Amino acid sequence: MLFETRDKAELGTQLRRLREAGIDGPMIRIDTLCGRLALPTTYRLSRFVTDPARESEHERSDH
């Protein structure tokens, strides 16, 4: 997950920033978690990972 908000306008701003930063649009996943009456709706931006095992190795080598 890259970003989470309850504000739809903020979601659009963050999505635009990610694209400007060079993250490929088709690799961005947008989830809308409907809260119904008890919880507010939440929006999440994530990046698709084609090979989770390889991505984990890359993240470990960056630290």
Side-chain angles (χ1 to χ4, degrees):
M1 186 174 69
L2 300 171
F3 180 76
E4 184 176 79
T5 185
R6 293 180 184 160
D7 183 344
K8 194 170 184 177
E10 189 177 13
L11 171 74
T13 299
Q14 187 64 27
L15 182 57
R16 192 169 36 260
R17 286 179 183 158
L18 290 171
R19 289 182 176 150
E20 288 171 357
I23 294 181
D24 189 21
M27 296 304 288
I28 298 172
R29 176 182 169 147
I30 303 170
D31 293 306
T32 303
L33 308 173
C34 297
R36 307 266 189 253
L37 297 174
L39 300 169
T41 298
T42 302
Y43 305 97
R44 285 186 182 167
L45 292 176
S46 304
R47 185 171 55 97
F48 283 109
V49 178
T50 55
D51 185 351
R54 184 174 175 195
E55 188 70 18
S56 290
E57 289 174 16
H58 177 70
E59 288 175 1
R60 283 194 300 263
S61 67
D62 286 346
H63 296 282

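Since the model is a prediction, treat every value here as computed from it, not as a measurement.
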Exercise. Starting at CG of Leu11, measure out to CD of Glu4 and round the result to the nearest 0.5 Å.
Key: 11.0 Å
Exercise. Kindly indicate whether the side chain of Gln14, heavy atoms from C-beta on, has any atom under 4.5 Å from the side chain of Leu45.
Key: yes
Exercise. Say whether Leu15 and Leu2 are linked into one hydrophobic cluster, either directly or through other cluster members, by side-chain heavy-atom distances under 4.5 angstrom.
Key: yes
Let me check something: any side-chain donor-acceptor pairs from residues 17-30 under 3.5 Å, sequence neighbours excluded? List them with distances.
from: Arg29; atom 1: NE; to: Asp31; atom 2: OD1; distance (Å): 3.0
from: Arg29; atom 1: NE; to: Asp31; atom 2: OD2; distance (Å): 2.9
from: Arg29; atom 1: NH2; to: Asp31; atom 2: OD1; distance (Å): 3.2

Quiz prompt | Those residues that, when tested against Glu10, pass salt bridge (Lys or Arg N to Asp or Glu O under 4.0 Å) (two or more places apart) | solution = none
Quiz prompt | Non-neighbouring partners of Thr32 that pass side chain to side chain contact (heavy atoms under 4.5 Å, CB included), sequence neighbours left out | solution = Cys34, Thr41, Tyr43
Quiz item: Rounded to the nearest 0.5 Å, what separation is found between the CG atom of Leu33 and the CG atom of Leu39?
Solution: 10.0 Å
